[in-house]
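In what follows, a structure is listed as structure tokens, so that the remarks can point back to it.
Just so you know, these numbers come straight off a predicted model, no measurement behind them. Numbered from 1 within each chain, the chains take letters A, B, ... in sequence-line order.
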Number of protein chains: 2
Amino acid sequence: MQEITGLELSPKKVEYLKFLLKKGDLVKTTDISTELNVDPSTSTKTINDLSESGYVDHIPYRGVRLTEIGREFAEFFVNRHNILSLMLSHYGLSSDDACIEVSRFEAFVSKDAIDTICGAMGHPTVSVCGKIKHSSCNLH
Amino acid sequence: MQEITGLELSPKKVEYLKFLLKKGDLVKTTDISTELNVDPSTSTKTINDLSESGYVDHIPYRGVRLTEIGREFAEFFVNRHNILSLMLSHYGLSSDDACIEVSRFEAFVSKDAIDTICGAMGHPTVSVCGKIKHSSCNLH
DNA sequence: TAATAATTTGGAATATATGCAAATAATTTG
DNA sequence: CAAATTATTTGCATATATTCCAAATTATTA
């Protein structure tokens, strides 16, 4: 198990990990660049950063996959996104607006806060953006 | 009246404006550097940025004050902080934790979202961090 | 006015993110 | 299978945000 604070990665890198989790297995850096609307050279560079930090394995010219640690983080990131989106939807934001809004700030919300919020909500399993798992929720 | 999206300024610059509003009138760049724990040269530079963008007037060696536009923004920033803190406190975060958490991400929450949240809350006038005004709330 | 304190300027560094052009590797095709 | 094409990476180069240190400048105090 990893100690996750939730503040380890920049917003963009969080996006990368979430996308890698969604795609699963070996992902081309070009797929990432298409999805995130950046130049292929940019996604390669960012992936190299993530690789050096241990979140992904990168086989040059072949593809990228999450490490075990990377997967743990990615799962937390997806949950965080979903919990925050659900929270905002409780305050009148549409699913789309909640999702867009959360995407902008989610990287700056700590795991402790998410665990607390998740607990206060009664550990919901469905959000407006997708399903919520609780394997990483310390208060479950 | 200004069109405020809420996403105009970086986190640090938001802090600067909120501090200037709290201190009021002419504020020394050194006071800012003390409050925000940065070198005086850093606060001078940031203040110069804010000055070029029209948020503050800076009289070198004398002090800084908010422009009318800067004040509008600063008031929105304080309200945004308070509304978001109140929201998190509804999900089990202590006042302090809510405040700390919000400080990290508030700069990335849009005014539209804040107006919606504020409306869903019934336009509260008191938060865990301070009072809330509604002069700038479009849904009030 | 001279010494001291406050403030600003100039230079430099880090982190994050980006794209273009050239080089390299993989894949397709004839 | 070799040549052509496509995909991917590397090497610059740039931009923004933030920071600090040392030197220069201005204000204040003694």
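Residue-level contact check: A:Lys45 touches the bases, meaning some heavy atom is under 4.0 Å from a base atom. Backbone-only contact: B:Ser10 has heavy atoms under 4.0 Å from sugar-phosphate atoms and none from a base. Across all strands, B:Thr29 comes closer than 4.0 Å only to sugar-phosphate atoms, never to a base (heavy-atom distances). Across all strands shown, B:Pro40 has heavy atoms under 4.0 Å from base atoms, whether or not it also approaches the sugar-phosphate. Heavy atoms of B:Asp49 sit nowhere under 4.0 angstrom from any nucleic acid atom.
Using a 4.0 Å cut-off, no side-chain N or O of A:Asn37 falls inside it from OP1 or OP2 of C:dT18. Distances shown here put every side-chain N or O of A:Arg62 at or beyond 4.0 Å from the OP1 or OP2 atom of D:dT9. Here B:Thr42 does not reach the OP1 or OP2 of D:dT19: none of its side-chain N or O atoms lies under 4.0 Å away.
Atoms CG and OG, from A:Leu50 and A:Ser10 in turn, are 8.0 Å apart once rounded to the nearest 0.5 Å. Here the CD-CD distance, from A:Glu101 to A:Glu106, works out to 11.5 Å after rounding to the nearest 0.5 Å.
Across all strands shown, the partner of C:dT29 is D:dA2, judged by Watson-Crick or G-U wobble contacts whose two distances both fall under 3.5 Å. The base-pairing partner of C:dG10, taking Watson-Crick or G-U wobble contacts with both distances under 3.5 Å, is D:dC21.
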side-chain contact (heavy atoms from CB on, under 4.5 Å) evaluation trace for A:Arg104 with B:Leu7: CA-CA 10 Å; A:Arg104 234 185 283 108; B:Leu7 308 175; 3.6 Å; yes
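If you measure from atom CG of A:Leu36 to atom C1' of C:dT16, you get 15 Å, rounded to the nearest angstrom. Remark: C1' of C:dA17 and CD1 of A:Ile47 are 14 Å apart, rounded to the nearest angstrom. Straight-line distance from the CZ atom of A:Phe108 to the C1' atom of D:dA17: 12 Å, rounded to whole Å. Rounded to whole Å, the distance from CG on A:Asp39 to C1' on D:dC12 is 13 Å. Atom NZ in B:Lys12 sits about 15 Å away from atom C1' in C:dA15, given to the nearest Å. Computed from coordinates, the B:Glu15 CD to D:dT19 P distance equals 9 Å when rounded to whole Å. Distance B:Ile59 CD1 to D:dA27 P: 12 Å, rounded to the nearest Å. Counting to the nearest Å, the C1' atom of C:dT8 and the NE2 atom of B:His58 are 8 Å from each other.
Heavy-atom nearest nucleotides on DNA chain D were determined for B:Lys28 and for B:Thr46, and the one closer to the 5' end corresponds to B:Thr46. With DNA chain C read from its 5' end, the first of the two nearest nucleotides for B:Thr44 and A:Pro60 is the one closest to B:Thr44.
Ring geometry, A:Tyr91 versus B:His90: the interplanar angle falls under 30°, so the pair is classed parallel (tilted spans 30 to 60°).
A ring-centre distance under 6.0 Å is not found for A:Phe108 and B:Phe105.
Picking from C:dT9, D:dG11, C:dA26 the nucleotide with the shortest atom distance to the side chain of A:Tyr61 gives C:dA26.
Here the rule is salt bridge (Lys or Arg N to Asp or Glu O under 4.0 Å) with B:Asp25, and of B:Arg71, B:Arg62, B:Arg65 only B:Arg65 fits it.
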